[in-house]
Protein chains: 2
Amino acid sequence: MNIGQASRASGISAKMIRYYEAIGLIPKATRSYSGYRHYDERDIHVLLFINRARAAGFSIAHIKKLLLLWQDRRRPARKVKQLATSHLKELREKISELQSIAETLSQLIAHCRGDDRPDCPILDTLSDKDATQEFAETSKPNRLHSSVRQSSSKQCVKTK
Amino acid sequence: MNIGQASRASGISAKMIRYYEAIGLIPKATRSYSGYRHYDERDIHVLLFINRARAAGFSIAHIKKLLLLWQDRRRPARKVKQLATSHLKELREKISELQSIAETLSQLIAHCRGDDRPDCPILDTLSDKDATQEFAETSKPNRLHSSVRQSSSKQCVKTK
DNA sequence: TTAAACCTTCCAATAATTGGAAGGTCAAGT
DNA sequence: ACTTGACCTTCCAATTATTGGAAGGTTTAA
């Protein structure tokens with residue numbers, strides 16, 4: 001099985017499969033005589049696992065841990081649950097953050113007539129110190145390199 | 001006003017102020033005799049606008065448009081409302097996407113005893129094709145370079 | 001005069017993914 | 001046998017927003 005077929009079978013782009021290999025998320029693929037990567041059923045199984053974990057919003061770092069646990073015959077379910085729980089917590093935090101932003105924005109929009117006149121409460125709020133208290137309150141400090149993935153994966157299998 | 005004071009006054013790090021200048025989001029600052037950037041009240045006003053728009057989850061690209069509208073004395077409120085509305089739509093989509101991921105994960109967690117035995121429905125679901133139908137369904141295709149910002153800004157004013 | 005606290009530019013890293021160039025390989029059709 | 005197209009390879013760069021650091025110049029206060 002070449003990388004293209006593995007890509008179609010797993011839903012992960014060939015580019016990303018190579019990338020996952022480069023960063024050590026998956027072992028180095030065996031190579032054909034002429035250097036083509038070769039994948040078997042078990043490799044696909046792993047790639048599918050990765051794709052589903054990605055779809056569940058896990059970061060690569062988290063998936064790395066999950067893979068180790070998955071491959072450990074004697075793994076304690078406790079550890080997996082811990083990982084998933086802390087991930088869920090992050091997810092929920094991000095959700096409520098986005099929600100409060102959305103609510104504020106929604107209110108601003110509701111108060112804007114949206115006609116051809118320059119009068120606009122949205123811009124007014126963004127430019128007026130006092131009127132924007134809400135933003136400072138609703139948006140909590142948040143780290144850039146959160147392990148909550150920005151978006152779930154596209155299941156990009158070209159069903160040719 | 002030097003860049004450090006502008007940073008404290010606006011809540012945007014000096015690094016980012018230079019970056020915003022480099023990408024053309026803000027005009028090039030005037031420089032002192034020895035090359036130090038200099039900011040006045042109006043500059044701070046713009047930076048504050050940017051910081052609030054960032055806190056509202058707008059991407060730099062969106063903020064660029066907002067700034068143009070803001071500075072246009074004859075802007076139609078309609079355009080601003082359109083921009084804000086499409087941004088809100090993206091926000092809501094991201095929220096519901098994250099919510100369905102969170103729900104799925106939450107169910108998996110609920111079914112995991114989380115003891116010292118290796119039996120774990122979380123890993124089982126991630127590794128079993130059929131059991132994971134839900135992931136494929138709940139996670140909609142989604143572009144990486146969405147204009148919904150990953151997280152709102154930290155209001156990082158050192159209140160010295 | 002010297003030290004601390006600024007400022008400058010430039011370069012690199014982050015996370016995950018995509019794009020493209022330049023070139024090698026394989027299978028099918030002519 | 002030869003060409004064509006669809007593969008594959010590696011490497012390098014871009015994306016977004018932000019931070020970190022190095023190496024060096026400036027200002028201010030002691």
Side-chain angles (χ1 to χ4, degrees), chain A residues 1-8 11-26 28-39 50-51 53-55 57-64 90 94 139 141-156 158 160, chain B residues 1-8 11-26 28-39 50-51 53-64 90 94 141-156 158 160:
Chain A
M1 221 171 180
N2 283 339
I3 201 171
Q5 299 167 288
S7 166
R8 266 161 262 142
I12 299 179
S13 74
K15 285 248 170 194
M16 288 314 294
I17 295 176
R18 292 192 199 98
Y19 172 70
Y20 290 155
E21 179 182 319
I23 62 170
L25 183 65
I26 54 177
K28 291 189 179 173
T30 58
R31 301 290 188 120
S32 78
Y33 185 66
S34 53
Y36 282 22
R37 283 177 183 80
H38 186 253
Y39 300 90
I50 292 172
N51 200 21
R54 258 188 0 156
F58 285 97
S59 69
I60 300 290
H62 268 165
I63 294 177
K64 208 170 247 173
E90 284 181 58
K94 172 149 294 301
S139 72
N142 186 303
R143 296 292 62 233
L144 173 66
H145 296 307
S146 153
S147 60
V148 174
R149 280 177 18 90
Q150 159 131 256
S151 64
S152 73
S153 76
K154 191 165 76 162
Q155 300 278 351
C156 55
K158 258 185 273 168
K160 173 187 119 184
Chain B
M1 220 171 179
N2 283 340
I3 200 171
Q5 299 168 287
S7 165
R8 265 162 262 143
I12 299 180
S13 73
K15 286 249 169 192
M16 289 314 293
I17 296 176
R18 290 191 200 100
Y19 173 71
Y20 291 154
E21 179 183 317
I23 63 171
L25 183 65
I26 53 177
K28 291 189 179 173
T30 59
R31 302 291 188 118
S32 77
Y33 184 66
S34 54
Y36 282 23
R37 284 176 184 80
H38 187 251
Y39 301 89
I50 293 172
N51 199 22
R54 257 189 0 157
F58 285 96
S59 69
I60 299 290
H62 267 164
I63 294 177
K64 210 170 246 172
E90 283 181 60
K94 172 148 294 301
N142 187 301
R143 299 291 61 235
L144 172 65
H145 296 308
S146 152
S147 60
V148 174
R149 278 175 21 88
Q150 161 130 255
S151 63
S152 72
S153 76
K154 196 165 73 162
Q155 300 277 353
C156 54
K158 258 186 270 165
K160 172 188 119 183

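Here is the naming used below: chain letters follow the sequence lines, and residue numbers restart at 1 for every chain.
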Report each atom pair, protein N/O against N/O of nucleotides 22-25 of chain D, whose distance is under 3.5 angstrom.
{"from": "D:dG25", "atom 1": "N2", "to": "B:Tyr36", "atom 2": "OH", "distance (Å)": "2.7"}

Ignoring backbone atoms, test whether [X] places a side-chain nitrogen or oxygen under 4.0 Å from the OP1 or OP2 oxygen of [N].
{"X": "A:Arg31", "N": "D:dT10", "value": "yes"}
{"X": "B:Arg18", "N": "D:dG20", "value": "no"}
{"X": "A:Ser59", "N": "C:dA15", "value": "no"}
{"X": "B:Tyr19", "N": "D:dT19", "value": "no"}
{"X": "B:Arg37", "N": "C:dC7", "value": "no"}

Open item on the list: For the helix from C:dT1-D:dA30 to C:dT30-D:dA1, what angle separates the axis at the start from the axis at the finish, each from five pairs, in steps of 10°?
Closed with: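 Comparing the axis at each end, I get an angle of 30°.
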
Measure from the side-chain heavy atoms of [X] and tell me the nearest of [options].
{"X": "B:Met16", "options": "C:dA16, D:dA17, C:dT9", "result": "D:dA17"}
{"X": "B:Arg8", "options": "D:dT18, C:dA16, C:dC6", "result": "C:dC6"}
{"X": "B:Ile60", "options": "D:dC8, C:dT18, D:dA17", "result": "D:dA17"}

How many whole angstroms separate atom [atom1] of [X] from atom [atom2] of [N]?
{"X": "A:Gln5", "N": "D:dA6", "atom1": "CD", "atom2": "P", "value": "16 Å"}
{"X": "A:Lys28", "N": "D:dT9", "atom1": "NZ", "atom2": "C1'", "value": "15 Å"}
{"X": "A:Asn51", "N": "C:dA16", "atom1": "CG", "atom2": "C1'", "value": "13 Å"}
{"X": "A:Ile12", "N": "C:dA16", "atom1": "CD1", "atom2": "C1'", "value": "12 Å"}
{"X": "B:Ile50", "N": "D:dA17", "atom1": "CD1", "atom2": "C1'", "value": "13 Å"}

Task: A:Ser7 versus A:Ser13, closest heavy-atom pair with distance - done: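 Result for this residue pair: OG-CA, 3.7 Å.
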
Taking side chain to side chain contact (heavy atoms under 4.5 Å, CB included) as the definition, give me every residue that meets it alongside [X], ordered by chain and number, with sequence neighbours left out.
{"X": "A:Gln5", "answer": "A:Met1, A:Asn2, A:Arg8"}
{"X": "B:Ala6", "answer": "B:Ile17, B:Tyr39, B:Ile44, B:Leu47"}
{"X": "A:Thr30", "answer": "A:His38"}

Just the table, please: protein N/O against nucleotides 2-4 of chain C N/O, every pair under 3.5 Å.
none

Open item on the list: Quick check on side-chain contact (heavy atoms from CB on, under 4.5 Å): which of A:Ile50, A:Ile26, A:Ile3 does A:Ile12 satisfy it with?
Closed with: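 Only one of A:Ile50, A:Ile26, A:Ile3 forms a side-chain contact (heavy atoms from CB on, under 4.5 Å) with A:Ile12, namely A:Ile50.
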
